[in-house]
Amino acid sequence: MKIFALRALAGLAASTALFSAAWAYQESPMLAEMVKAGTLPPVEERLPAKPSVIEAAEVGQYGGTWNRAYKGPGDRWGPTKLLEERVVKWRSDKDGNLTLVPGYIESYAVNESSTEFTFTLLEGLKWSDGVPVTTDDVAFWYNDVFLNTDIIPTIDPTFAPGGKPMELEVVDARTFKIKFAQPYVYFLTILAKDSTGEPSLDRPSFLFPKHYLSQFNNHYAKPEELEAAAKKYGVEKWQDLWGSKGAATAWWSNPDLPVITAWKIETPAPGDVVTMVRNPYYWAVDQAGNQLPYIDRIEHRLFDQQDAFNLMIAQGQIDFQMRYANTNDFPFYMENAEKGGYHVIKWRDAQAWSLLPNLNSQDEFLNGFFGNADVRQALSLAVDRDTVNELGFAGLGEARSASPVTGSPYYNADLETHWAAYDPDAANALLDGAGFTEKDADGFRLRPDGKRITITVEGAEDNQAGILQVVADNYKDIGIELLPRIIDRTAWDDNRNNNTFDMQYYPFDRLSVVAADPRNMMGSDSYANQNFIWYSTKGASGVEPAPDAPIRQIWAAWDKASTAPTREAADAALNEMIAAFVNAGYVIGLVGETAVVGIVDNDVKNVPDGLINDDITRGEGLAVTQQIWIKE
Amino acid sequence: MTDTSRAESHFTASARTLMWRRFRKHRLAVVSLVFLVACYLAALFAPFLAPYPPDKIEKLQTFVPPQMVHIWDGGPAWPFVYELKRTRNAETARVTYEQTDKKIPVQFFVRGAEWSVFGLGTSDLHLFGIEAKKQKLNLLGTDSLGQDVFSRLLYGARVTLSAGLVGVAFAFVLGLTMGAISGYYGGRVDTAIQRLMEFIRSVPTIPLWMGLAAALPIEWDPLFVYVLITLILALISWTSLARVVRGRFLSLKSEDYVLAARLSGASQTRIITRHMLPAMTSYIIAAMTLAVPEMILGETALSFLGLGLRPPVVSWGVLLQDAQNLRSVALAPWLLTPGLAVVLVVLAFNFLGDGLRDAADPYGQ
Amino acid sequence: MLRIILTRCLWAIPTLIVVSFISFVIIQLPPGDYVTAYVAELRRGGEYLTDTQVELMRQDFGLRDPILWQYARWITKILLHGDFGQSFHYNAPVSSLIWDRLGLTLLLSTISLVFTWGIAIPIGVYSATRQYSVVDYVVTIFGFVGKGIPEFLLALILMWVGFSWLNMDVGGLMSPEFDTAPWSIAKALNVLEHVWIPIVVLATSGAAGLIRVMRANMLDELGKPYVETAYAQGFSERQVVWNYPVRVALNPFISTVGWALPALFSGDVITAVVLNLPTTGPLLLQALKMQDMYLAGGFILILSTFTVVGTLLSDILLAWSDPRVRLG
Amino acid sequence: MTPETLLEVRNLTKHFPLKSPGWGKPAPLLRAVEDVSFSINKGDTFGLVGESGSGKSTVARLILRAYELTSGTVNFRRADGSVTDISRLDDRALRPIRAEMQMIFQDPYSSLNPRMTLRDLIGEPMLVHGHRKAEIDDRVAELLGLVGLRPEFAGRYPHAFSGGQRQRIGIARALALNPSFIAADEAVSALDVSVAAQNINLLQDLQERFGITYLFITHDLGMVEHISNKLAVMYLGRIVEMGDTATLLSRPRHPYTEALLRAVPQPDPRGRAARRRPPLAGEVPSAVTPPSGCAFHPRCPYATPDCARVLPELRLLGGVQVRCHRAEDLALEGVHG
């Protein structure tokens, strides 16, 4: 197990490494020209008084265009994760250990009981149009957006622990406090992943550019103005200007929106090429005083089909990208690396490809079948994970359970191998012991009603058919008929939503900093969605689990963790929750920690290798894109 | 045969015989017919001809390239293959195979996996194979799961060459009936059918596929679902044939010999079945031969869109699904052999249809 | 004639209404709706919506209303305001989305159509006049291979050949460096370097079929007595063949040109997807997959209209070119 | 109907409706046959002449009920002596009558199903009228002999025969059921002159042997002169002149008949005189919008303004019926000799 790497934050204050040296800052030639032309103030005036310092692996050169590919408007997360800003962000050290570092704030502090969080913005922080960022913008976010039910009808429970929404107290022009009614140890962890939630995670935490957005807000603008704005942006009603795809308020679709990110959108989707250009007011510098980012532009070319993307890679048209690079195609990428002038890096995926039995199945029999721990163990022991790894992942993963991955603060070697051995004999014995001894002529076990035990397993991608076929072969050996079906992704999601599936092949992810998002483990949108609904609605709807069901332990442990006043207590409870989840064996992990393949052009520098890839740590964002540069 | 008796046999030859004679002149069509019969026979006897079951996964024999069977070893020799040595490139994770000096003889009528003899019993006899511990005989190489492409090709032929036929046949029955009614009776019936056809042609097919594929219960056998969908789609695809049949009926109706039959008191049924339909059989056969390749191509295209047959069904479209990526084109081009099979069969069907059409041409000699 | 056209146009209206309704139903045949797809997409990105919000969104989009009502609302807007509605997925008007991609689609389809005809007709004629000659066999084999090879496979292989052997930049419409550049000769050349693959792919399958039909039609005509008469009267082969038989053999083509209309609009979906071309086809596919029903619906409505208009056009052309056919 | 009459046609009219231009508006009519009446006596050969488009073929097809009549009656005397109006009978009721009236087609190629042997072709009428196979085979052989073909040919297909031979096959087929009436629609027009003459002779032989009555349709006045004893000339769906062939041809009363006669090639050098006046000019007008008054007036060299206004009645004049206002005034040129 890796060292528990997370800094104990509760009761501590932390602050950014700030650049205070008196020597001059450097800027990109692109901006220098604009300064010369008089269209932009000099760099000293654009940067905060004491800019943040982002330690570049190697001090780089300015300029260049970073070429990537994207899949259309549904794919804003690829571009977003490259540049999103939070008050605190995950950073990985060379050994892969994760720490939270402050973003656009000078410092933050947490009180003893973890109920009060104080943040101080950087002095002289500016929006991309040069307007200063102040706590006015924070108040605007809180009063006019977060609490504005016209824009956000219900408050995300994540920001209302115990049912009471967080409260804001503005201290001065740079300082504000967030208060909770109960201890919220994991608040910073959640901020690093979720920002401040709706209208979208792709917005910075606590900040909205009041000077620009008030024209789209019903607290400020008249109905007819709102209507005119809606018309201008081609949407039906003014609320559509907001929201996660808001035509006016999403950075992704509106080039006019002031941002604090290193780049801002220039040509939005649905263009064939989405381009982003550097933010002249970006507030961080490298260790040598160069204003970041190094790279001037990012261009995303549209593609639809994997091969179109692979061809771009082979032709050297991709500068750095991990998203959509396919582990299966690793040999292909390697074979063409020389021709394409790139090399391939490998990060570690914080997920385990798993079989997800539906514990809430509407099929009476399967419900009881999956509910039986012996059966789950048998189904887990019956899979030859090494073969799955070899055939499905070119041997680039490892056989393991669905449990925290290496590098996660919650990693546990025992849990990793829980029920992960290949032992068909033991599996058969377990099924016999569970009473499923009757078999038909083809050797398949029978249900009490005399029908064959048949499980339909659904995958959402064509290349999963082979893997499922291997598993089906394995299950045949223990007398269980597995019917692999590849279906459309929407239908696949839908079946989980509507509780109309037997079993799914599912990437069980978010296995790094589990605290930031434990919902999958608690059954949400996974093995027991109906139970989770029962839990989250406090019994108002959904299905109540059996009184002795292990899922109750999982929930209880999380309830304890989420309200613990100290980090130690919270983590202890969280580890308890994880153990309960893994030991129950609800999710049959097959292969995890698979290599996430990254394509890096040979001229692209400062791209770290071997990091963890997880939604919680914001995917490629963990590479600290501001300090990546392109050699001329 | 003397000249006169040859002439006599020409004079007394039936239309069918004459057609057959003209058909035989179309050499490519004859070759195609033979080839297609061979394909169907191969599909029928796939379990015997294929050395391995189609879904036998071999973890350590992925991406084996096609193996040469040698029959010359300094002199004529019993067919043999060389033993292969597998290595995995640690850097690129690519698996490669090297020929060693060791020869493994190919054997005929070997025992292997059991197969069912048309429901009468089982046999474990296979036409050929090799006896080796770590190796199989892969004439066309193996895929990413180490499955024998040659065996899969043979098994796939069973589905590809038959599953879509149900829909084609259905569409033909519909198209013929509707076209005949429309063309023979004319008037209001004709107008109504014409409008109906126009309407049906405007119904978009891709969304219909997607809708149907998603709406049918998932636990149903994918092959059954596919056949069902082709049947439903036949409800749409009959219109093109009906259009042609209608046109033919319209012009046939005014043929003098049809009128002559009517004036001699022949019933409608007799007129349609004895005079009008026979005049169209050659066309119908040709059209049918041409519809089969359309259907095969349709299956591969739908598989490409993720709408057609899906694994674990083994069909040529499914096999091509495996091959239709750059990785296969670049690193395992032998996975494209099902594509070659598709091209050949489509080619053969087209030649056959072409030959039939040329043969049916009343002006041709 | 004019009256007949008018009657047919009037007929087209009920046809379109029924087709549009059926399409609307078909789009919604798969379980779930756009909100399901959207929520799942958000969740993958790490955003969670509460059930209340999901419900609100459904009501907002009008997805809770009975389908007949949804259809009525949709079609009324189109008929009265020409408003095809809003794409959920793109959060933009459907018409502008389709319009954006239509230009290139029409351009590509038209070029390949012209290309196809330019190749197919002379070859078909030649092949027919030299039936069972070597050239005929070669053309026949080319034709059938072209017809037999699945388009996506051809596209993929051509891409690989272009990339791997010819060292060309393939895929997409142009190289990335020109993506954002203004139009110039270099950019135009670069585009030309890219479009040959789609044109070859589209023209191969198209031309193959056309050659066959042309050959068959020509053979039919050449066998007729009037051709022999013309020969007997001492006309040269060129005069005989290109005067009457070719024109007659072309009739079916001319009369089916209207059928190419919907194809022009949708482009070839599969080829466009494989070759990563920004045409309308992939947009439709995407819309259907995301259950973005107004985008898909608008798309299909336009396609159906093109089909109906195309059929009408075909019938008129047919009546025009062949007086034996009476419009029925 | 006198006892000698085999067939009597009264007020035969056929309008083909064309496509309606729109709802509520009447469809334009193609007036193919307009108020045609005549009768044919047993054993006669009734000639029907006119340019193409004059409606003569339609008359034959109406009589044989290949088309539905618009109005009019067709009385036919059956073999048992009874007279039936066949104009309103349905298919089933017609079937026995069809045995007694047959047709010979113009095109010897298209009127024989190429997919049937002579045995099947000639035997088909018998087969559908319920005759037994052995009987049919004998009869086919006999019929082949009758039309001058070798009985061994019964197993052959039509493609083995020349045009004239095929026409004989058609004749054999028409004879199969011993009909009393045969309509020959341009039966020899497609044949070479010598072959045509042979077939005409054959038809006349058959008439003598079996007492068949012919309706002989042709556009060639030269031909009718030889074969028919009664003659009717049609123009745009109406009979313009009708009567005894010899009388009518030697002394035509209608300008149209004269024009047709002039078009007949005359081997006689005296015929040169006939070319003083221009031959029949212009084309047949459309039957959808026939000219007012006498339909022939636009092409008639003798037309008066009256002719364009009033449709002349068919009236008896010098032993023939003629439809012309000026029939009395005109001295038209007939066939001399």
Side-chain angles (χ1 to χ4, degrees), chain A residues 67 72-74 76-77 80 152-154 156-158 193-194 197-198 200-201 234-236 239-240 244-247 253 267 269-270 272-273 275 299 301-305 307-309 311-312 314-315 317 488-491 493-498 500 510 517 519 524-525 533 537 541 615-616, chain C residues 30-34 36-53 56-57 60 85-93 96-97 100-101 156 159-160 163-164 167-173 175-177 179-180 272-278 282-283 285-286 289-291:
Chain A
N67 289 297
R76 80 176 185 291
W77 294 109
T80 296
I152 304 173
T154 56
D156 185 346
T158 312
K193 172 183 171 287
D194 284 358
E198 282 194 81
S200 176
L201 321 186
V235 291
E236 285 188 5
Q239 280 92 339
D240 294 341
S244 107
K245 293 184 186 178
S253 35
T267 325
D272 302 330
V273 186
T275 63
E299 290 187 9
R301 286 187 111 192
L302 182 71
F303 76 100
D304 195 53
Q305 208 234 353
D307 277 315
F309 179 54
L311 197 66
M312 288 186 206
Q315 299 192 108
Q317 293 171 352
D488 185 64
R489 170 142 229 155
T490 314
D493 285 325
D494 202 57
N495 286 350
R496 229 169 29 255
N497 233 352
N498 294 341
T500 49
R510 288 157 216 200
D517 187 358
R519 280 170 276 210
S524 166
D525 190 37
I533 291 174
T537 59
S541 57
D615 184 55
I616 288 169
Chain C
D33 53 27
Y34 173 70
T36 323
Y38 179 58
V39 168
E41 182 193 303
L42 280 184
R43 205 172 304 151
R44 266 194 293 282
E47 282 189 63
Y48 290 80
L49 295 182
T50 59
D51 287 349
T52 333
Q53 279 171 295
L56 277 173
M57 196 185 286
D60 222 39
Q86 200 79 357
S87 153
F88 297 144
H89 187 50
Y90 290 84
N91 201 18
S96 75
L97 287 171
D100 277 353
R101 285 177 164 230
L156 216 67
M159 282 212 300
W160 183 249
F163 160 68
S164 180
N167 273 317
M168 293 177 82
D169 184 27
V170 290
L173 196 61
S175 304
E177 59 266 32
D179 270 340
T180 48
V273 168
V274 178
L275 295 173
N276 204 27
L277 297 174
L283 188 70
L285 208 61
Q286 175 84 8
K289 282 193 173 157
M290 285 299 293
Q291 303 202 14

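Chain A is the first sequence line, chain B the second, and so forth, proteins listed ahead of strands; every chain is numbered from 1. Worth knowing before you read on, the calculation uses all heavy atoms, side chains too, and leaves out hydrogens, waters and symmetry mates.
- Of all non-hydrogen atoms in A:Ser541 and A:Ile533, the two that sit nearest each other are OG-CG2, 3.4 Å.
- Between C:Leu97 and C:Leu283, the shortest heavy-atom distance links the atoms O-CD2, 4.0 Å.
- Proximity to chain A is limited to the side chain of C:Leu156, based on heavy atoms less than 4.5 angstrom apart.
- Across all non-hydrogen atoms, the minimal contact from A:Leu302 to A:Met312 is O-CE, 3.9 Å.
- For the pair C:Arg101 and C:Pro282, the tightest heavy-atom approach, listed with the atom from each and the gap, is NH1-CB, 4.4 Å.
- Interface remark: A:Leu311 contributes side-chain atoms only to the contact with chain C (heavy atom separation under 4.5 Å).
- Proximity to chain C (any heavy atom under 4.5 Å) is shown, for A:Ala247, by both the backbone and the side chain.
- Note: A:Asp525 leads A:Asp240, A:Asp307, A:Asp525 in heavy-atom pairs under 4.5 Å with chain C.
- Annotation: maximal heavy-atom pairing with chain A below 4.5 Å, among C:Phe163, C:Tyr38, C:Trp160, occurs at C:Phe163.
- The two atoms that bring A:Ile616 and A:Asp517 nearest to each other are CD1-N, 4.3 Å, heavy atoms only.
- Among A:Gln305, A:Arg496, A:Gln315, the residue with the largest count of heavy-atom pairs under 4.5 Å with chain C is A:Gln315.
- Partners of C:Phe88 by ring pair (Phe, Tyr, Trp, His ring centres under 6.0 Å), not counting sequence neighbours, listed by chain and number: C:Tyr34, C:Phe61, C:Tyr294.
- Residue contact with chain C, scored on non-hydrogen atoms closer than 4.5 Å, involves the side chain of A:Thr275 exclusively.
- Contact tally against chain C (heavy-atom pairs below 4.5 Å) for A:Thr537, A:Thr158, A:Asn498, A:Asp493: the top residue is A:Asp493.
- For A:Glu299, the part lying near chain C is the side chain, with the backbone staying farther off; criterion is any non-hydrogen pair under 4.5 Å.
- In this structure, chain C has a heavy atom under 4.5 Å from the side chain of A:Asn497, while its backbone stays farther away.
- Between the A:Glu236 side chain and the C:Gly85 main chain, no donor and acceptor come within less than 3.5 Å of each other.
- Both the backbone and the side chain of A:Val235 have a heavy atom closer than 4.5 Å to some heavy atom of chain C.
- Under the rule for a side chain to side chain donor-acceptor pair (under 3.5 Å), the partners of A:Thr500 that lie at least two apart in sequence or sit in another chain are A:Asn495.
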